[in-house]
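Have a look at the structure below, then the notes.
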Amino acid sequence: MSRSMLSAGAIVAVLTTCSPAFAEDEEQRDTIVVTGERERLDLDARNDTASRLGLSARETPAAVETITQADLQVQGLRTSREAFNSVVGAVSGNVPGNPAVVSLRGFSGGAVSILQDGARVSTSTMVTRDTNTWHFDRIEVIKGPASVLYGEGALAGVINKVTRKPAFDGDHLDGLLSFGSFDTLTAAGGVNLRLSDSAAIRADASYMRSDSLYDVEDNDTRSAGLTGSILLKPSTDLTLLFAVEHYDDRYDSSYQGVPLVPAAVARDPSDALRSADGLVIDKALRHRNYNPRGAYSGANETTLRSRIDYAAGGGWSIANDFTWYTARRDFVLSGDQNFTAPSAAFPNGSFARSVQRIYHDHRFWNERLAVAHDGAIAGHRNRFTLGAEYNETDFIDPRQQSPMFTGLGDPVAPVDPWNPVVGTFPTGTIYTVTNVVFDSHLKTASVFAEDAFNITPAWLIVAGARYDHIDLTRVSTDLNAGGRVSRANPTYDPFSWRLGTTYDVAPGLTLYAQYTTAVTPVGSMLTLSIANTSYRLTKGRSFEAGFKASAFDERVTLTGAAYRIEQENILTRDPANSAQVVQGGEQSSQGMELSVDAAVTDRLALSGGISYTDAQYDQLIEAGGVDRSGNRPINIPSTTVNGSVLYSLKALPVTLGAFVRHASGFYTDTANSIFVRGHTVADASIAWRLADEATLTLRGRNLTDAFYGEYSGYPATNIYIGAPRSVEVALSTRF
């Protein structure tokens, strides 16, 4: 266990067991949020992720969604992956190289940007970790292209994890302690201190350990977080925030999913998957882990940030954000586990395995300055922001990767699928086909502008534009070729824009429409091969229209959207020469989303959402000239549904909760030859308020013990199986 984990655990232990140390007035007690109560959706609340103009969700011409800390606790969403899965239209998986990877609106991976307090460090598939949600005040989501706000990437949407910050509402301490199936323990706590009328501080710590969140053997999981910040308000016009965040995690023998086997040898074949060549998921392998002992993946990351807000008067304001980030990530594991035909040594077949060592040494800093004005033009309200941003990244990436080992004398020998002798990960030299060190330096300079003009009090026009100059230096040193060095220094100059409108057609009912563009590299910018740096950025565009409505004194909110997203210049094969990779492929999606939140009575609350996505490769040719046009992209279900019911008993201080999530089937390969069938998962909770300061919750997850594929990884024949039925008891406190 790392020193930071021990420190976080000690802090949490103090926070969750001490007696009340701070007094608070009765008004503050009325705002206590406890497990069993969900905050109502407020369309008139600001969503800072969707705009830098201070627009409300109702004024924003795009589908936006906010998940509050109260929502996270009520639904028992412990990690980023679980939280992202609750977003309407999204599915998330825990691929070891891409923890909490997200698919949204027909696109996946790097097409969805993950931010930390509004800062995009790099492609989400590289930097996102499965962080404990205790540290988030809320998660804000904007769906559809958002390069105009956050630069390259963000073709399908943006998810912003907003960390808890100090508040001037008094001194208070809150904590969470839970224990459940698979020996899973979570402890977390936070303290807010109002030092004076002009200074407040907050600190939070979390620790989680589990034998395996997926109930897989030899898959111990540990994660810890420690965040702190100070908020200063030396005058009514000036606010200063300084924050530090540290997270680390480790997954022993990282779970790579269940490798598929032929139906002829499966001992307990499941109907959760169908494939063109007769492969199945064998339930008998449900708990197996084929990584050798000593394999692991993990990361530690530290972020320092500051924000300065100054109201200059006359409607003018200035905001400055600075972010400094450093991280180390390790991926030491068997990356591929493929079934091979029966042999004398393995009469029922075996899994051949590869091994890899990949390390990331990542440093990043970003400076963003924006000037804004809220005033009038010819008697009409006008809000605009003009800003500039500059960041630099240093990234060192040593990689050693072996081929699939097939001989019993190799360092990582093949294993019997049902009785694996996994062996030990080699500590010395491995047989490598790849032994290379990548060294990248990335510099990005940007200017951006946004404007919101009220033609009438009910009719708003919103526009934005962004220009980026991206300078990438990529150096590859091949140690298998005597240290041969290859270099590339591409530059990119993308321009993104959006134009949208909202119109209040009646009290509580707003219609909106928007056209927006985006740019995305053909892969993660920092891990592009030397050859791929020569390709242009892909271009995306989207049209979206929808409505946002509230009624019955805002006890009911209803939002809906219809959209189409197109991406061009993705990599494909030359139709005249299938050996040649070129740009010119196309991918698109179109669909609809509907969300509802209703406080039916003072005791009954309902919420839910449904999405439908029709996604396809419009033009894609692969090796050998095989045409994949018309096929659905991987890990993209056509339909997702989520819903919750909360009911508070009249006779007892008890709230009953029921939660359901459904995702239709998805393909794991571009050939659409392997199809993972859809699934429905039901959870339930009973929350007992012991006092104003404490709530005890009993929670059951996957009550029907559904056996289902959650996500596909690499290769396409490995399927991540969702966690089986589990229970948990949690105590939440606030003083």
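Classified by interplanar angle (parallel below 30°, tilted 30° to 60°, perpendicular above 60°), the ring pair W365/Y390 is tilted. Taking the six-membered ring where tryptophan is involved, the planes of W316 and H373 are tilted, since the angle between them lies from 30° to 60°.
What you find for V141 and N47 is that their closest heavy atoms are O-ND2, 4.4 Å. Nearest heavy-atom pair, R46 versus E140, reported as atom, atom and distance to 0.1 Å: O-OE2, 4.1 Å. Considering every non-hydrogen atom in both T133 and S80, the closest pair reads CG2-N, 3.9 Å.
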Does the pair V88 and K143 meet the rule for a side chain to side chain contact (heavy atoms under 4.5 Å, CB included), with working shown?
-> CA-CA 10 Å; V88 175; K143 300 173 185 177; 3.6 Å; yes

Does the pair D478 and R484 meet the rule for a salt bridge (Lys or Arg N to Asp or Glu O under 4.0 Å), with working shown?
-> CA-CA 5 Å; D478 191 340; R484 184 181 62 204; 3.7 Å; yes

Let me see the working for E450 and R498 under salt bridge (Lys or Arg N to Asp or Glu O under 4.0 Å), right down to the final yes or no.
-> CA-CA 9 Å; E450 288 184 87; R498 73 172 177 177; 3.0 Å; yes

Any chance you could lay out the salt bridge (Lys or Arg N to Asp or Glu O under 4.0 Å) test for R307 and D117, step after step, and finish with the verdict?
-> CA-CA 10 Å; R307 180 176 173 91; D117 285 306; over 6 Å; no

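Annotation: cation-pi pair R52/F448 present, NZ/CZ under 6.0 Å from the ring centroid and within 45° of its normal. Geometrically, R541 does not engage Y515 in a cation-pi contact, judged by NZ or CZ lying under 6.0 Å from the ring centre and within 45° of the ring axis. At least one cation-pi condition fails for R305 and F364: the charged atom is not both under 6.0 angstrom from the six-membered ring centre and inside a 45 degree cone around its axis. Cation-pi check for R105 over Y563 is met; the charged atom lies under 6.0 angstrom from the ring centroid and within 45 degrees of its normal.
In this model, no donor atom of one side chain and acceptor atom of the other lie less than 3.5 Å apart for D336 and Q256. In this model, no donor atom of one side chain and acceptor atom of the other lie less than 3.5 Å apart for Y310 and D237. Side chains of N85 and S92: a donor-acceptor N/O pair is absent below 3.5 angstrom, by distance only. Between the side chains of Q567 and T520, not a single donor N or O lies within less than 3.5 Å of an accepting N or O. Under 3.5 Å, the side chains of D468 and T444 contain no donor-acceptor pair of N or O atoms. Of the N and O atoms on the side chains of R466 and S446, at least one donor lies less than 3.5 Å from an acceptor on the other residue. Between the side chains of D330 and Y296, at least one donor N or O lies within less than 3.5 Å of an accepting N or O.
The existence of a salt bridge linking D248 and R250 is excluded, since no basic side-chain nitrogen approaches an acidic carboxylate oxygen closer than 4.0 Å. One finds a salt bridge joining E152 and R120 here, because a Lys/Arg side-chain nitrogen approaches an Asp/Glu carboxylate oxygen to under 4.0 Å.
With sequence neighbours excluded, the residues satisfying side chain to side chain donor-acceptor pair (under 3.5 Å) with S297 are S254. In this view, T303 satisfies the side chain to side chain donor-acceptor pair (under 3.5 Å) rule with no residue, not counting sequence neighbours.
Paired with D249 under the rule salt bridge (Lys or Arg N to Asp or Glu O under 4.0 Å), one option of R328, R81, R129, R329 passes, and it is R129.
Counting heavy atoms from C-beta outward, E59 and S51 have side chains that stay 4.5 Å or more apart.
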